[in-house]
Amino acid sequence: MRQIKIGKVILTDGGAWNTQTAYTKLTYVTYNGDGWWSAKDNVNSAPSKTNTNWIQATDVQSFIEAVKQATTDAEAINAALREAENLRQQAETARVTEEQARVTEENTRKSNEQTRQQQEQQRQSSEATRNTHEQTRETQEAQRQQADTQRQQNYERQMASVTTATELAQQKASDAQDAAVLAAEKAALADTAATNAENKATIAHTAAENANTKAHLADQKAGEANTAATNANEKAVIAQTAATNADEKAAIANTAAINADTKAQLADQNAQLANNAAKNANTQAEYAKLEGDKAAVLNDKVTLHTQLIGDIQTQVKSIDSTVTNIVHTPVDDSELPTLCGQPPILFGEGTPQEAIVPDNWKQFDPETGEGYNWNGEPSAAGQQYINTSASTGGRYIAVPSADGGLTWKNF
């Protein structure tokens with residue numbers, strides 16, 4: 001709790017005023033039948049109502065009321081200070097909230113980074129899948145080339161078979177020609193051997209012609225066989241081409257399917273990235289709004305805090321002025337109400353203790369039987385004690401203690 005510095009409170013007796021004495025603040029003198037308190041240090045300055053160096057000591061009750069008012073003002077200042085502390089705590093709470101928002105934003109950023117890494121892993125996985133498909137396509141291409149080689153070998157074997165059939169047909173035709181030659185020779189020998197064998201020669205000639213016809217037919221059949229072999233070979237080539245085209249179409253279809261799958265994955269990734277970008281934009285907008293709201297709140301708090309400080313300073317100055325007027329007002333203990341026979345406000349040079357007897361404490365007087373010896377404890381609740389040697393915190397008030405007695409409480 002903030003303490004109000006009241007300065008010097010002990011009153012010094014300066015006797016009758018004279019021009020040579022240097023008077024310090026709160027010195028009591030008499031002049032022209034009146035009592036006066038020095039408001040400030042001065043010398044050769046005669047007391048008067050117009051002289052600001054002096055205050056006339058006349059009104060004890062006003063002094064008491066001023067003390068009460070000063071106490072009330074001090075409590076108001078303490079309440080204002082507590083309010084200022086509450087505002088400071090609210091500002092600290094706002095700062096903690098801001099820090100929590102920053103941590104949340106950082107966590108969101110880390111989450112987005114993890115999502116991006118997962119997308120990168122998915123992209124690498126898609127790339128690996130694409131590589132696998134490429135290897136599969138290469139394997140299929142190798143198999144296709146192997147099939148082409150096998151078909152070429154089959155074709156060559158078929159061509160070899162066709163060549164063998166053609167040679168056989170040619171051999172048969174050659175044999176037929178040889179047979180015709182032999183028949184002609186026999187016919188010639190038969191014609192030479194016997195004219196009568198003309199009919200036989202004619203028959204032989206007819207037989208030769210028939211043989212020639214058969215040879216010709218054999219040649220035709222050999223040509224037809226060759227044509228059939230050629231057609232078979234062409235059909236085999238057409239079938240091979242069709243198979244190759246089918247393989248190529250299957251590979252193209254497979255590649256198209258892979259490309260379509262890859263495009264779909266890329267589209268999903270782009271959609272996710274766009275969604276993340278939108279979320280980031282929203283987060284940044286909210287953060288900017290929070291920053292603006294925070295700046296406005298802090299600005300309002302700074303303005304309020306500045307106003308409170310100004311108000312408190314004004315009140316402190318007012319209280320200091322009031323206290324100055326109070327302490328410059330003389331007190332005649334005999335005219336104040338007593339608490340158990342002792343003054344309501346005690347003045348001592350030091351903290352309340354048995355070893356330091358207050359200056360205005362009424363010790364026991366054997367002749368009158370009045371008063372009692374000081375033991376460092378209050379006479380009654382509400383009694384005050386002023387430490388005249390303290391620059392701050394020199395005010396004590398008697399309050400009930402836990403054991404049912406009284407104790408001094410420092411303010």
Practice problem: Scan Q90, Q89, R88, R95 and name whichever one has a side chain to side chain donor-acceptor pair (under 3.5 Å) with E92. | Solution: R95

Quiz item: Taking C-beta and beyond as the side chain, do K362 and E370 meet within less than 4.5 Å on heavy atoms?
Solution: no

Exercise. Hey, could you give me the CD/CD distance between Q114 and Q121, rounded to the nearest 0.5 Å?
Key: 10.5 Å

Exercise. Assess whether side-chain hydrogen bond (donor to acceptor under 3.5 Å, both in side chains) is satisfied between T21 and N18, documenting all intermediate values.
Key: CA-CA 6 Å; T21 303; N18 62 79; 2.8 Å; yes

Self-check item: Nearest heavy-atom neighbours spanning G350 and I356
Solution: CA-CD1, 3.8 Å

Practice problem: Any chance you could measure N410, atom CG, to N387, atom CG, to the nearest 0.5 Å? | Solution: 9.0 Å

Quiz item: Hey, are the side chains of E105 and T108 touching, using non-hydrogen atoms and a 4.5 Å cut-off?
Solution: no

Quiz item: Does some side-chain heavy atom of L81 sit less than 4.5 Å from a side-chain heavy atom of E85?
Solution: no

Quiz prompt | Nearest-0.5 Å distance, SG of residue C340 to CD of residue Q383 | solution = 8.0 Å

Practice problem: Decide yes or no on salt bridge (charged side-chain N to carboxylate O under 4.0 Å, His left out) for K294 and E291, but give the supporting numbers first. | Solution: CA-CA 5 Å; K294 180 189 71 175; E291 286 291 330; 3.3 Å; yes

Quiz item: Where does the angle between the aromatic ring planes of Y385 and W374 fall among parallel (under 30°), tilted (30 to 60°) and perpendicular (over 60°)?
Solution: parallel

Quiz item: How about Y23 and W54: are their ring centroids closer than 6.0 Å?
Solution: yes

Quiz item: Does the pair K40 and K25 meet the rule for a side-chain contact (heavy atoms from CB on, under 4.5 Å), with working shown?
Solution: CA-CA 4 Å; K40 60 184 73 173; K25 183 180 180 180; 5.5 Å; no

Self-check item: Sidechain-backbone polar pair: T30 side chain, D34 backbone, donor-acceptor under 3.5 Å
Solution: no

Quiz item: Just checking, any donor-acceptor pair under 3.5 angstrom between side chains of S126 and Q265?
Solution: yes

Quiz prompt | Residue E99 excluded, over 12 heavy atoms near CD under 6.0 Å | solution = yes

Quiz item: Considering all heavy atoms of both residues, which atom of A398 and which atom of P378 are nearest to each other, and what is their separation?
Solution: CB-CB, 3.3 Å

Self-check item: Verdict with supporting geometry, R395 and Q384, side-chain hydrogen bond (donor to acceptor under 3.5 Å, both in side chains)
Solution: CA-CA 7 Å; R395 181 186 177 203; Q384 299 187 44; 3.2 Å; yes

Quiz item: Would you call I386 and I345 a side-chain contact if the rule is heavy atoms closer than 4.5 Å?
Solution: yes

Self-check item: Y28 and W36 aromatic centres sub-6.0 Å
Solution: no

Exercise. Check the pair S45, N51 against side-chain contact (heavy atoms from CB on, under 4.5 Å), reporting the backbone distance first and the verdict last.
Key: CA-CA 8 Å; S45 178; N51 188 347; 2.6 Å; yes

Quiz item: Would you say R102 and E98 make side-chain contact, with heavy atoms under 4.5 Å?
Solution: no

Quiz item: With a 4.5 Å heavy-atom cut-off, do T12 and L26 have their side chains touching?
Solution: no

Quiz item: Would a line drawn from the ring center of Y396 to the ring center of W408 be shorter than 6.0 Å?
Solution: no

Quiz item: Rounded to the nearest 0.5 Å, how far apart are CD of Q220 and OG1 of T213?
Solution: 10.0 Å

Exercise. Verify the distance criterion only: is there a donor paired with an acceptor across the side chains of T115 and N112 at less than 3.5 Å?
Key: no

Self-check item: Evaluation steps, side-chain hydrogen bond (donor to acceptor under 3.5 Å, both in side chains), between T24 and D41
Solution: CA-CA 4 Å; T24 60; D41 297 347; 4.9 Å; no

Quiz prompt | Stepwise side-chain hydrogen bond (donor to acceptor under 3.5 Å, both in side chains) check, Y372 with S379 | solution = CA-CA 10 Å; Y372 53 90; S379 300; 2.8 Å; yes

Practice problem: Please lay out, stage by stage, how V399 and L406 fare under the test side-chain contact (heavy atoms from CB on, under 4.5 Å). | Solution: CA-CA 6 Å; V399 298; L406 295 174; over 6 Å; no

Self-check item: CD (Q363) with more than 12 external heavy atoms under 6.0 Å
Solution: yes

Quiz item: Out of curiosity, E120 CD to Q124 CD, how far, rounded to the nearest 0.5 Å?
Solution: 4.5 Å

Practice problem: Test R137 against every option in Q135, E134, E141, Q140 by the side chain to side chain donor-acceptor pair (under 3.5 Å) rule and name the one that passes. | Solution: E134

Practice problem: Quick one: pull up OG1 in T368 and CG in D365 and give me the separation to the nearest 0.5 Å. | Solution: 3.5 Å

Self-check item: 4.5 Å side-chain heavy-atom contact, F347 and P358
Solution: no

